Amino acid sequence: KLRFLGTGTSAGIPIIACDCPTCTSTDPRDNRTRTSATIEFTDPDGIDRVILIDTSPDLRQQVLRENISRIDAILYTHNHVDHTFGLDEVRRFNEVMNQPINIYADDHTMTSLTRVYQHIFEPHKNIQKSFIAKLVPNIIEPYKPFTLFGLTITPITLNHGKLPILGFLFTSDHHPDSDLLPLAYCTDVSAIPQKTFATLQPTKTLVLDALRHRPHPTHFTIAQAIEASTQINPSRTHLVHMTHDLLHSTTDTALPTNIALAYDGLTLS
């Protein structure tokens, strides 16, 4: 299953000091923490696994809300604050599972993580022993698949303004009848390279960035997301990383039938 932990933009919804209709909405779907998700499945040995995509600043709140008790691996799309600044929270999962957690990121993101979280990656420099996460860094590259617990993950290149970042295509030979797979997770997108479009052609489930209706230099608009979804042609598309310009009820009902706004806590299988 795919679980949306957060579906909001970098400021989260409600935004601080805002009384707009979305920020004051009583619809729980308009309460959007920073974008993050989990892939949850049973591996070929019958062990339940949870792969986390990004560690948002709201990670603690998200995993408590969703009652998540393990994280087996973490994938990173890019190094921006709203996708990485919850990393310190995973130390509790180290303690619960009594093992380190493998993390996967491109070289640019891993360099940023090791700089910001020096206390985790260079613990010998800490002044005193403290409760820190135990992580195993793994560098990944676009279009070079790797396998985790029987799930094949192909990193893909997306353009987030001038910054090339990663999306992920998930496939599995162990789940040939899945309605979810192949699943493509593509947050923070302003353009999709042609090679990535070709890689995404078998997608059944597409998760795609759609910030708002007005143009933005580093994110798709709703119209651009619809156009990209039409080109990829998945069975279903769920939009993420929305700002407070988009009221869930009115925006969602205006979308094509196979496209919908995601919301925090939504689970697909």
Side-chain angles (χ1 to χ4, degrees), residues 2-13 15 22 27 29-37 39 53-54 56 77-78 80 82-83 142 154-170 180-268:
L2 167 69
R3 188 188 304 271
F4 292 94
L5 298 183
T7 57
T9 188
S10 58
I13 311 296
I15 288 176
T22 305
D27 186 340
R29 298 173 300 179
D30 287 317
N31 192 329
R32 303 173 185 137
T33 57
R34 269 68 71 93
T35 295
S36 181
I39 307 293
I53 307 173
D54 290 334
S56 92
T77 59
H78 62 299
H80 286 168
D82 55 323
H83 293 263
T154 303
I156 51 178
T157 297
L158 303 168
N159 295 332
H160 182 25
K162 297 178 181 179
L163 178 68
I165 70 166
L166 296 180
F168 298 102
L169 178 65
F170 299 90
L180 186 67
L181 303 176
L183 161 69
Y185 187 89
C186 306
T187 186
D188 291 48
V189 187
S190 58
I192 300 177
Q194 201 57 46
K195 184 174 182 179
T196 295
F197 268 121
T199 305
L200 293 177
Q201 286 312 305
T203 300
K204 283 186 182 179
T205 306
L206 175 63
V207 178
L208 190 60
D209 179 18
L211 184 72
R212 62 191 189 192
H213 290 294
R214 292 179 293 121
H216 191 279
T218 64
H219 293 273
F220 272 161
T221 62
I222 291 284
Q224 289 171 324
I226 292 172
E227 182 180 357
S229 175
T230 301
Q231 186 170 347
I232 296 167
N233 195 31
S235 301
R236 55 182 170 176
T237 297
H238 286 268
L239 305 180
V240 295
H241 216 287
M242 290 85 68
T243 189
H244 65 162
D245 291 29
L246 304 178
L247 189 68
H248 188 102
S249 59
T250 56
T251 305
D252 194 59
T253 55
L255 294 172
T257 54
N258 65 331
I259 301 177
L261 295 186
Y263 54 88
D264 290 23
L266 173 65
T267 302
L268 305 179

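Treat the numbers as computed from the prediction; the structure is a model and nothing was measured.
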**Request:** Mind checking the CG-NZ spacing from Leu181 to Lys204? Nearest 0.5 Å is all I need.
**Result:** 7.5 Å
**Asked** Can you name the nearest heavy-atom pair linking Asn31 to Ile13, along with the distance?
**Response** OD1-O, 3.1 Å
**Message:** Using side-chain contact (heavy atoms from CB on, under 4.5 Å), reason through His83 and Asp188 one step at a time and then give a plain yes or no.
**Reply:** CA-CA 10 Å; His83 293 263; Asp188 291 48; 3.1 Å; yes
**Item:** Validation row: Ile39, Leu2 side chains within 4.5 angstrom (heavy atoms)
**Value:** yes
**Request:** Go through the structure and list residues passing salt bridge (Lys or Arg N to Asp or Glu O under 4.0 Å) with Asp209, not counting sequence neighbours.
**Result:** none
**Asked** For residues Ser229 and Thr237, is any side-chain donor paired with an opposing acceptor at under 3.5 Å?
**Response** yes
**Request:** Please identify each residue that fulfils ring pair (Phe, Tyr, Trp, His ring centres under 6.0 Å) with His160, with sequence neighbours left out.
**Result:** His78, His80, His219
**Prompt:** For Thr203, what residues pass the side-chain hydrogen bond (donor to acceptor under 3.5 Å, both in side chains) criterion, not counting sequence neighbours?
**Reply:** none
**Message:** To the nearest 0.5 Å, what is the distance between OH on Tyr185 and CG on Leu169?
**Reply:** 14.5 Å
**Message:** Between Leu255 and Ile226, does the side-chain contact (heavy atoms from CB on, under 4.5 Å) criterion hold? Intermediate values first, please.
**Reply:** CA-CA 8 Å; Leu255 294 172; Ile226 292 172; 4.0 Å; yes
**Item:** Any donor-acceptor N/O pair, Asp54 side chain to Thr35 backbone, under 3.5 Å
**Value:** no
**Prompt:** Listed by chain and number, what are the side-chain hydrogen bond (donor to acceptor under 3.5 Å, both in side chains) partners of Thr205, not counting sequence neighbours?
**Reply:** Arg236
**Request:** Using side-chain hydrogen bond (donor to acceptor under 3.5 Å, both in side chains) as the criterion, list what pairs up with His213, not counting sequence neighbours.
**Result:** none
Under 3.5 Å donor-acceptor pairs involving side-chain atoms of residues 257-266, not counting sequence neighbours:
unit_1	atom_1	unit_2	atom_2	d
Asp264	OD1	Thr7	N	2.9
Asp264	OD1	Thr7	OG1	2.7
Asp264	OD2	Thr33	N	2.8
Asp264	OD2	Thr33	OG1	2.6

**Message:** Donor-acceptor check, side chain of Ser190 to backbone of Phe220, threshold 3.5 angstrom: yes or no?
**Reply:** no
**Item:** Pairwise salt bridge (charged side-chain N to carboxylate O under 4.0 Å, His left out) hits with a residue in residues 244-259, at least two apart
**Value:** Arg214-Asp245
**Request:** Determine the minimum heavy-atom distance between Asp30 and Leu246, stating which atoms define it.
**Result:** OD1-O, 4.1 Å
**Message:** Nearest 0.5 Å, please: how far is SG in Cys186 from CZ in Phe168?
**Reply:** 10.0 Å
**Item:** Side chains of Leu163 and Thr218 in contact at under 4.5 Å (non-hydrogen atoms)
**Value:** no
**Asked** So, does Thr251 use its side chain to make a donor-acceptor pair with the main chain of His248 at under 3.5 Å?
**Response** no
**Request:** State which residues pass side-chain hydrogen bond (donor to acceptor under 3.5 Å, both in side chains) with Thr22; sequence neighbours excluded, sorted by chain then number.
**Result:** none
**Asked** Please walk me through it: do Val207 and Leu183 pass side-chain contact (heavy atoms from CB on, under 4.5 Å)?
**Response** CA-CA 8 Å; Val207 178; Leu183 161 69; 4.1 Å; yes
**Message:** Within this structure, what is the CD1-CD distance for the pair Ile192 and Gln224, rounded to the nearest 0.5 Å?
**Reply:** 10.0 Å
**Message:** Taking salt bridge (charged side-chain N to carboxylate O under 4.0 Å, His left out) as the cut-off, I'd like each qualifying pair that reaches into residues 158-169, sequence neighbours left out, listed once.
**Reply:** none
Residues 194-202 side chain polar contacts: donor-acceptor under 3.5 Å, at least two apart:
unit_1	atom_1	unit_2	atom_2	d
Thr196	OG1	Tyr143	OH	2.6
Thr196	OG1	Thr157	O	2.7
Thr199	OG1	Lys195	O	2.9
Gln201	NE2	Phe197	O	2.9

**Request:** Check side chain to side chain contact (heavy atoms under 4.5 Å, CB included) between Thr267 and all other residues, then give those that pass, not counting sequence neighbours.
**Result:** Lys1, Arg3
